[in-house]
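Take a look at the structure below.
The chains referred to below are lettered A, B, ... by the order of the sequence lines, with proteins before strands, and numbering in each begins at 1.
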Amino acid sequence: MSFTVCANSPSLFAIIDGNNFFVSCERVFNPSLNNKPVIVLSSNDGCAIARSNEAKALGIPMAAPLHSFSHLIKSHDVKILSCNFELYGDLSNRMMHILKTFTPDVEVYSIDEAFLNLSHLPAKDYTAFARSLYDTLLKCIGIPITIGMAQTKTLAKVANRIAKKHRMTNLILNTPEIINKALAATKIGDVWGIGRALEPKLKLHGIYTAYDMAQKDPRWARNKMTVAGERLVRELQGIACLPLNTEELDRQNIQVTRSFGVRLSEFDDIAEAISSHATRLGEQLRKRNLLTQTLSVFCKTSPFSKMSYYKGNGIVGFDAPTNDTRALIKGAIQALKQAYQAGHSFQSAGIHAMNLTKEGAVTQKQLFTETSHQKISLTKQQTQSKKLNQAIDAVNQRQGKNALFWASNGINPRYNVKQNQRSPRYTTKWDELLLVG
DNA sequence: TCTGGGGTCCTAGGACCC
DNA sequence: TCTGGGGTCCTAGGACCC
């Protein structure tokens, strides 16, 4: 793998992220949650995926399963919410839109984070700019943010982390003294790019903080951690290796995975879930004008169960790349037959589309396997499928998800996830608007 | 009893070719 | 009996992120 240090890279990066983002989204429409411990749960109300500062102070860890802190919920009146990604996604879009009014050089990094290039600003204006960004987002969307600024993305992440810890709205690392102090105060496991597996390995080499890592020779890091290690050391040393990616790239793969509301054993029940996942997948592919050549499907038992763990996989390929829901469902069920094994208590199932291509591009396989006559008849069929899928998408867009659905998804499906505490989708559903009495 | 879901990048190793 | 070496492509799996 080739390795390059970025040429013409911004001389100052900012990372902006929404504080406890999902909790903050909920608080926008429900101020009674302010100043209280609040938790947002993962799909199926499984574990904590966002915590307010008050909930963090109670010692509820990230990704902790609900049952492991149920005693705290009662004793400290912790407010519990199911996740509402439609709401979070919409507020995220609004946040990114506002950021782009400040500068066009925005990289949307995740639902709650964006990198900005601030090189165009005079040095004396950095803090005022950050303050203005904070005030605007709080006023227009109601989401508090934290801003970290430094000469590389990795250092900006360090700045952001420290700012958050000290409840500051922004922090800039702009002198060697401040940078070294910040690095020394950052545990190696808290550095962006160092995960669970690398942390203990680095400690064996006497690296406990980001400062220790920054003292290493990049060649040493490459030897121990391959190209990512070399990049990390250089970034910590202030040499930008990660560019600002302002272009939104096409997805390389799309997956739809859900755990079931209850354990399922029968093939037909799991087939209904997979059929529903294939429907969601089709919607995603069409929204992005993508086609898939290959589908893989899995079903698995719970990894936490005392019973022996089972995961089955199945894979199907299509003659021509497709995003037609009917073809996807048919292929997915075929793949599930390979993955399924009777006698297990299944906990979740998923579908994964790979080898994605842009709609309109003809593959080499099509080019050489179809006569012109076949090509014309296929095109006609594809046109009909496209119209059908478009019509269904339009109805569901207007009338709500699943207003029209495929019978194979099940009339009263047993796979439905639990979402007992979901807030209204205030900003995207007319019948769920906030009412002021 | 109860433990999420959706991504990316990188490498090693096998198959295959000349 | 003696049986190369270098290249590409693909896939699985591990690591990371949010």
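- Each of B:dT8, B:dT3, B:dG4 was ranked by its minimum atom distance to the side chain of A:S259; first place goes to B:dG4.
- Checking C:dA15, B:dG4, C:dC18 against the side-chain heavy atoms of A:I49 singles out B:dG4 as nearest.
- Contact between the side-chain N/O atoms of A:R231 and the OP1/OP2 oxygens of B:dC10 is found at a separation under 4.0 Å.
- Look at CG on A:D17: it is 13 Å from C1' on C:dC17, rounded to the nearest Å.
- Note on A:E235 versus A:R231: no salt bridge recorded, every NZ/NE/NH1/NH2 to OD/OE distance being 4.0 Å or above.
- In the set B:dG4, B:dG7, C:dA15, C:dA15 carries the atom at the smallest distance from any side-chain atom of A:A197.
- In this structure, the CE atom of A:M96 is 13 Å from the P atom of C:dC18, given to the nearest Å.
- With respect to the salt-bridge test (charged N to carboxylate O, under 4.0 angstrom), the residues A:K386 and A:E359 qualify.
- Nearest nucleotide to the A:Q252 side chain, out of B:dT8, B:dT3, C:dC16: B:dT8.
- Between A:K157 and the phosphate of C:dC18, there is a side-chain N or O to OP1/OP2 separation shorter than 4.0 Å.
- Ring geometry for A:Y426 versus A:F29: interplanar angle under 30°, hence parallel rather than tilted (30 to 60°).
- Nearer to the 5' terminus of DNA chain B, by closest-nucleotide assignment, is the contact made by A:F22 (compared with the other of A:R288 and A:F22).
- Pairing of B:dC18, defined by two Watson-Crick or G-U wobble distances under 3.5 Å, is identified with C:dG5.
- Rounding to whole angstrom units, CE of residue A:M225 and P of B:dT11 are separated by 12 Å.
- The CD1 atom of A:I351 sits 12 Å away from the P atom of B:dG7 (whole-angstrom rounding).
- Distances were taken from every side-chain heavy atom of A:I254 (C-beta onward) to each of B:dG7, B:dG4, C:dC16; the shortest belongs to B:dG7.
- Distances shorter than 4.0 Å separate some side-chain N or O of A:N253 from OP1 or OP2 on B:dT8.
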From CA spacing to verdict: salt bridge (Lys or Arg N to Asp or Glu O under 4.0 Å), A:E54, A:R27: CA-CA 13 Å; A:E54 297 80 4; A:R27 281 176 169 169; 3.1 Å; yes
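- Put simply, A:R258 has no side-chain N or O that comes within less than 4.0 Å of OP1 or OP2 on B:dG5.
- If you take CD of A:Q293 and C1' of C:dT11, they are 16 Å apart, rounded to a whole angstrom.
- For the pair A:L232 CG and B:dC9 C1', the computed distance is 15 Å after rounding to whole Å.
- Among the protein residues, A:L198 comes within range of the sugar-phosphate backbone only, with heavy atoms under 4.0 Å from sugar or phosphate atoms but none that close to a base.
- Near DNA chain B, meaning a heavy atom under 4.0 Å away, the residues from residues 263-280 of chain A are A:R263.
- Contacts of A:D45 with the nucleic acid, taken as non-hydrogen atoms under 4.0 Å apart, are absent.
- Side chains of A:V417 and A:Q419 form a contact here, defined as non-hydrogen atoms less than 4.5 Å apart.
- Contact annotation for A:V191: backbone-only contact, meaning every heavy-atom pair under 4.0 Å involves sugar-phosphate atoms and none involves a base.
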Intermediate values then yes/no, side-chain contact (heavy atoms from CB on, under 4.5 Å), A:L285 and A:L291: CA-CA 6 Å; A:L285 288 169; A:L291 305 166; over 6 Å; no
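- Between A:N117 and the choices A:L12, A:L244, A:T246, the side-chain contact (heavy atoms from CB on, under 4.5 Å) rule is met once, by A:L244.
- To the nearest angstrom, P of C:dC18 lies 8 Å from CH2 of A:W192.
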Filtered N/O pairs between nucleotides 12-14 of chain B and protein, under 3.5 Å:
none

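- A:K157 and A:E113 are joined by a salt bridge, as a carboxylate oxygen and a charged side-chain nitrogen come within less than 4.0 angstrom of each other.
- Comparing A:R251 and A:A64, the nucleotide of DNA chain B nearest to each residue sits closer to the 5' end for A:A64.
- The side chain of A:C47 has B:dT3 as its nearest neighbour among B:dT3, C:dC17, C:dC16.
- Between the CD1 atom of A:I111 and the P atom of B:dG6 there is a distance of 13 Å, rounded to whole Å.
- For A:D190 and A:R161, the salt-bridge test passes: some basic side-chain N is under 4.0 Å from an acidic carboxylate O.
- Classification of A:R286 and A:D324 as a salt-bridged pair fails, no side-chain N sitting under 4.0 Å from a carboxylate O.
- Taking the six-membered ring where the residue is Trp, A:Y310 and A:H344 present parallel rings, their angle staying beneath 30° rather than reaching 60°.
- The shortest distance between the side-chain N/O atoms of A:Q284 and the OP1/OP2 oxygens of B:dG6 is not below 4.0 Å.
- In the set B:dG7, B:dT11, B:dT3, B:dG7 carries the atom at the smallest distance from any side-chain atom of A:Q255.
- Here the separation of C:dC18 from B:dC2, taken at their P atoms, is 30 Å to the nearest Å.
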